[in-house]
Amino acid sequence: MEGILRKKERALKVIEVLQNKFGHPKCALNYTTPFELLVAVILSAQCTDVRVNIVTENMYKIVNTPEQFAAMPLEDIETLIKSTGFYRNKAKNIKLCSQQLIEKYDGKVPQEMDELVGLAGVGRKTANVVRGEIWRLADGITVDTHVKRLTNLIGLVNEQDVIKIEKELMKIIPKEYWIDFSHYIILQGRDKCIARRPKCLECEIKMYCKHGEKV
DNA sequence: CTCCCGATAT
DNA sequence: ATATCAGGAG
């Protein structure tokens, strides 16, 4: 087990490199309201953000409020979001989540982590993204498929459970970087550390990576 | 742990 | 054909 201090040191170096590369990153999902972002993040499960943006651009012209989704037949929501995959679960969650927002929060997206996680289809990953993006709030670190893969490769964690990964990262990453860290890792995951065919030769953080350091 | 699931790159 | 994509619920 590598020391926590050594991990912090390497994490800060990775952050420095990626900060210089990506600057001040923002969410790649398109939205105009907190609710639109919440729905977009729910749709982004196991789906590219490019696909989600194609779907939401069309859909939000028709429905973009909790009241409208709550009133819409489930089959119609399914049709609108079908191409994002898992469409039956997602449609059910979006509709139920909309009803919960109306009943409990006057149709507005709540800020507290506990409240967000209590909504249908909203887990810690989705809640972290919305809180960080909308209100710049962070009492957690977004752990998606990219963060899971890269933090293991970089050796910051040795763990597959996303909740445990998040807790470990919260010990290693200084809080001021909690929001941007995930953005950096995800952007690097798309640009260089692509799961299907990583471009280790061109990777800016290969010296900190289990794959890249062999190149 | 399994299931949900279409689109895309390889 | 197969792996992967800003996961969450049962």
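Each chain gets a letter, A, B and so on, in the order its sequence line appears, and its residues count up from 1. Predicted model only: the values in this text are computed from it and were never measured.
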Legend entry - Test item: side-chain donor near acceptor, Gln68(A) and Thr65(A), under 3.5 Å: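 Yes, a side-chain donor-acceptor pair sits under 3.5 Å.
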Inset, instruction - Could you tell me whether the side chains of Gln19(A) and Tyr177(A) share a donor-acceptor contact shorter than 3.5 Å? - result: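 No pair is found: no donor N or O on one side chain lies under 3.5 Å from an acceptor on the other.
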Inset, instruction - Would you check if the side chain of Asp191(A) reaches a backbone N or O of Leu187(A) as a donor-acceptor pair within less than 3.5 Å? - result: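 Between the backbone of Leu187(A) and the side chain of Asp191(A) there is no qualifying donor-acceptor contact (under 3.5 Å).
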Inset, instruction - Verify, without hydrogens or angle tests, whether Trp178(A) (side chain) and Asp139(A) (backbone) share a donor-acceptor contact under 3.5 angstrom. - result: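 No; zero donor-acceptor contacts below 3.5 Å.
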Legend entry - DNA chain B contacts among residues 62-100 of chain A, heavy-atom distance under 4.0 Å: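 Result for residues 62-100 of chain A: Lys82(A), Ser83(A), Gly85(A), Phe86(A), Tyr87(A), Arg88(A), Asn89(A), sorted by number.
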Inset, instruction - With a 4.0 Å heavy-atom cut-off, tell me which residues in residues 28-57 of chain A come close to DNA chain B, sorted by residue number. - result: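 Hits under 4.0 Å, by residue number: Gln46(A), Arg51(A).
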Inset, instruction - Applying ring pair (Phe, Tyr, Trp, His ring centres under 6.0 Å), name anything that partners Phe86(A), two or more places apart in sequence or on another chain. - result: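 By the ring pair (Phe, Tyr, Trp, His ring centres under 6.0 Å) rule, Phe86(A) matches no residue at all.
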Legend entry - Contacts of Thr126(A) that satisfy side-chain hydrogen bond (donor to acceptor under 3.5 Å, both in side chains) - sequence neighbours left out: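 Partners of Thr126(A) under the side-chain hydrogen bond (donor to acceptor under 3.5 Å, both in side chains) test: none.
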Whole-Å distance separating the [atom1] atom of [X] from the [atom2] atom of [N]:
X	N	atom1	atom2	value
Asp161(A)	dG7(C)	CG	P	15 Å
Leu119(A)	dG7(C)	CG	P	18 Å
Lys148(A)	dT4(C)	NZ	P	11 Å
Leu150(A)	dT4(C)	CG	C1'	14 Å

Using the test salt bridge (charged side-chain N to carboxylate O under 4.0 Å, His left out), find all partners of [X] that sit at least two apart in sequence or belong to another chain.
X	value
Asp76(A)	none
Arg197(A)	none
Glu204(A)	Lys21(A), Lys192(A)

Legend entry - Most 5' of Thr145(A) and Gly123(A) on DNA chain C, judged by nearest nucleotide: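 The residue mapped nearer the 5' terminus is Thr145(A).
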Legend entry - First encountered from the 5' end of DNA chain C, between Lys26(A) and Ala120(A):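 Looking at the nearest nucleotide for each, Lys26(A) comes out on the 5' side.
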Inset, instruction - Kindly state which residues belonging to residues 127-140 of chain A come within less than 4.0 angstrom of DNA chain C, counting heavy atoms of the residue only, listed by number. - result: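 The answer is Val129(A).
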Legend entry - Contact residues, residues 172-188 of chain A to DNA chain C [heavy atom, < 4.0 Å]: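 The stretch gives His183(A), Ile186(A) as the residues lying under 4.0 Å from the strand, ordered by number.
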Inset, instruction - Please find the earliest and latest nucleotides of DNA chain B, in the 5' to 3' direction, that have an atom within less than 4.0 Å of any heavy atom of chain A. - result: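 The contacted stretch runs from dC4(B) to dA9(B).
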Legend entry - Secondary structure string for DNA chain C (Watson-Crick or G-U under 3.5 angstrom, | for other-strand pairs): |||||.||||
Legend entry - Salt-bridge contact Asp144(A)-Arg149(A) (side-chain N to carboxylate O under 4.0 Å):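 Salt bridge absent between Asp144(A) and Arg149(A).
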Inset, instruction - Keeping to residues at least two apart or across chains, list the side-chain hydrogen bond (donor to acceptor under 3.5 Å, both in side chains) pairs with something in residues 99-110 of chain A. - result: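 Applying side-chain hydrogen bond (donor to acceptor under 3.5 Å, both in side chains) to every pair that reaches into residues 99-110 of chain A, excluding sequence neighbours, yields nothing.
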